[in-house]
Amino acid sequence: MDRDQSHGDGDGDTGPGPAPRRRLAAAFVQLAADASTFPLPGRGATAARFEALAGVAADDLALARLVEGHADALAILSEAGRRPRRATSTYGVWAARSGVGGVTATPVQGGWALTGEKPFCSGSGMVDRALVTAESPDGYRLFDIDTTRSVVGVVPGSWPAVGMADSASETLRFGGPVLGVGDAVGPPGFYTERPGFWHGACGVAACWLGGARGLAQGVVESVGPKPSDLVLLEIGRTAARLDGLYDELMAAASAIDADPLDTRVRARWRALTLRQNIHDGTHDVLRWTASAGGARPLAHDRAQSRRAADLYVYLAQHHGDPDAVALGRLVVEEGRWA
């Protein structure tokens with residue numbers, strides 16, 4: 001299937017469609033090369049890594065979703081003591097788990113047979129390789145796949161989204177040739193049990209914060225030189241919230257660098273609290289910027305309306321109530337508050 005034909009007519013520079021998708025794909029290739037030089041989490045410069053992710057997100061959240069996945073894949077491979085198959089390959093991390101179906105890895109002669117469907121595969125049709133999770137008889141496993149060989153189909157209409165449309169997070173069907181033994185990354189459970197799982201979760205929160213920054217800047221640029229006090233009130237609230245969330249993100253980065261292997265067993269708590277606060281705070285920013293700018297920028301400025309829609313959908317990646325329950329359980333059962 002020609003993937004460009006599945007995404008609308010592309011009658012604008014910032015909406016979904018063949019031309020914008022091709023431009024995003026080209027930008028991703030360039031930024032993926034830059035992301036290959038991002039500091040790895042826990043190596044002493046995690047703040048710079050988070051700043052870089054937030055900076056991409058402030059400009060384009062769909063692009064940031066792809067760059068974050070590529071950067072996370074490189075960090076995961078590093079944790080496993082591995083390198084990318086090719087230095088120039090672009091990567092995604094496809095780890096969504098659905099309530100039904102899913103991807104399974106069956107041991108066969110010479111390696112593994114990968115079969116099934118997986119939703120939310122961001123960068124479908126754009127990434128060269130992907131780290132894909134799958135259920136196997138010995139546990140939850142991670143595989144490094146060549147997307148041109150192991151992706152055998154796209155579920156039609158599986159990404160009709162408006163927000164984050166250009167991330168191409170389609171539901172994919174897996175199959176193809178048998179994966180080699182060396183395509184398995186780490187032992188069973190490696191993906192979720194390593195400290196870097198939680199460091200990567202903080203990187204996603206950096207993208208949320210960057211998207212909120214971009215939205216706020218768009219409002220500031222739209223209100224003119226002499227906004228009313230009511231507009232200034234909402235912008236002031238937004239600025240205060242973003243500043244506080246940024247400080248929390250930088251504190252998390254410092255804590256990751258201080259204990260990269262999570263010897264104090266704080267990584268999960270840190271990531272859950274950071275994500276909860278940035279998720280809730282950026283929802284406030286969505287509300288306040290809408291109040292400050294009014295309907296005009298959301299109705300007449302395609303870039304600004306896209307920022308808002310993209311941010312709302314990206315925030316939905318947060319597990320919300322289940323993560324808050326997990327935090328509450330840590331407080332009640334372990335007596336944790338900080």
Side-chain angles (χ1 to χ4, degrees), residues 1-3 6 32 65-66 68-159 167-201 204 268 317 319 322 326:
M1 181 187 74
D2 181 352
R3 292 174 186 272
S6 67
R65 175 67 190 91
L66 304 187
E68 185 276 326
H70 176 78
D72 192 37
L74 299 186
I76 293 167
L77 289 172
S78 178
E79 273 192 276
R82 301 173 62 144
R83 294 178 181 273
R85 292 299 175 86
R86 292 175 58 241
T88 58
S89 292
T90 55
Y91 269 86
V93 178
W94 296 342
R97 298 173 95 167
S98 58
V100 294
V103 176
T104 60
T106 304
V108 296
Q109 184 174 3
W112 300 87
L114 204 66
T115 57
E117 295 181 356
K118 185 177 287 289
F120 301 115
C121 295
S122 295
S124 168
M126 288 186 270
V127 298
D128 302 317
R129 304 191 66 85
L131 300 184
V132 178
T133 55
E135 304 287 351
S136 72
D138 60 355
Y140 195 51
R141 280 191 170 270
L142 185 68
F143 295 89
D144 184 345
I145 68 161
D146 180 337
T147 59
T148 64
R149 292 166 60 85
S150 294
V151 176
V152 296
V154 180
V155 175
S158 59
W159 191 244
S167 70
S169 300
E170 295 170 309
T171 299
L172 301 181
R173 297 189 179 110
F174 294 85
V178 170
L179 299 177
V181 173
D183 292 324
V185 179
F190 166 76
Y191 175 69
T192 56
E193 293 170 7
R194 62 201 166 83
F197 178 80
W198 299 108
H199 304 340
V204 173
R268 180 171 179 242
Q317 183 178 355
H319 298 137

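Treat the numbers as computed from the prediction; the structure is a model and nothing was measured.
Taking CD1 of Ile76 as the start and CZ of Arg194 as the end, the distance is 4.0 Å to the nearest 0.5 Å. One finds the OG atom of Ser122 at 4.0 Å from the CZ atom of Arg65 (value rounded to the nearest 0.5 Å). Rounding to the nearest 0.5 Å places CG of Leu142 at 12.5 Å from CH2 of Trp94. Taking CG of Leu66 as the start and OG of Ser169 as the end, the distance is 7.5 Å to the nearest 0.5 Å.
The stretch residues 143-154 participates, sequence neighbours left out, in these side-chain hydrogen bond (donor to acceptor under 3.5 Å, both in side chains) pairs: Tyr91-Asp144, Arg129-Asp144, Asp146-Thr148. Under the ring pair (Phe, Tyr, Trp, His ring centres under 6.0 Å) criterion, the residue pairs touching residues 123-148 are Trp112-Phe143, with sequence neighbours excluded.
Considering only residues two or more places apart in sequence or on other chains, Thr192 meets the side chain to side chain donor-acceptor pair (under 3.5 Å) condition with none of them. Residues passing the side chain to side chain contact (heavy atoms under 4.5 Å, CB included) test with Thr171, sequence neighbours excluded: Glu117, Pro119, Val155, Ser158. In terms of the salt bridge (charged side-chain N to carboxylate O under 4.0 Å, His left out) criterion, Arg82 has no residue partners (sequence neighbours excluded). For Thr106, there are no side chain to side chain donor-acceptor pair (under 3.5 Å) partners, not counting sequence neighbours. Partners of Phe120 under the ring pair (Phe, Tyr, Trp, His ring centres under 6.0 Å) rule, at least two apart in sequence or in another chain, do not exist in this structure. Evaluation of the salt bridge (charged side-chain N to carboxylate O under 4.0 Å, His left out) rule for Glu193 yields no partner, not counting sequence neighbours. Taking the side chain to side chain donor-acceptor pair (under 3.5 Å) definition, one finds that Gln317 meets it with nothing, sequence neighbours left out. Residues satisfying the side chain to side chain contact (heavy atoms under 4.5 Å, CB included) test with Pro188, not counting sequence neighbours, are Asp138, Arg141. Under the side chain to side chain contact (heavy atoms under 4.5 Å, CB included) criterion, Arg86 pairs with Thr88, Ser89, sequence neighbours left out. The side chain to side chain donor-acceptor pair (under 3.5 Å) test applied to Arg85 returns Asp183, not counting sequence neighbours.
When every heavy atom of Ala105 is checked against every heavy atom of Leu114, the shortest pair comes out as CB-CD1, 4.0 Å. The two residues Arg268 and Ala326 make their nearest non-hydrogen contact at NH2-CB, 3.5 Å. Shown here for Met126 and Ala168, the closest heavy-atom pair between the two residues is CE-CB, 3.8 Å. Nearest heavy atoms, Ser124 versus Glu170: OG-OE1, 2.5 Å. The nearest pair of heavy atoms linking Ala80 to Val185 is CB-CG1, 3.7 Å.
No side-chain donor-acceptor contact under 3.5 Å links Lys118 to the backbone of Arg97. Judged by distance alone, the side chain of His70 and the main-chain N or O of Thr90 form no donor-acceptor pair under 3.5 Å.
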- Message: One pair to check against side chain to side chain contact (heavy atoms under 4.5 Å, CB included): Val103 and Thr115. What are the steps and the verdict?
- Response: CA-CA 6 Å; Val103 176; Thr115 57; over 6 Å; no
- Start with the C-alpha gap between Arg83 and Leu77, add the side-chain angles, then the distance that decides, and say whether side chain to side chain contact (heavy atoms under 4.5 Å, CB included) holds. CA-CA 6 Å; Arg83 294 178 181 273; Leu77 289 172; over 6 Å; no
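Between Phe174 and Val152, the closest side-chain pair of non-hydrogen atoms is not below 4.5 Å. For the pair Thr104 and Ser136, the minimum side-chain heavy-atom distance is 4.5 Å or more.
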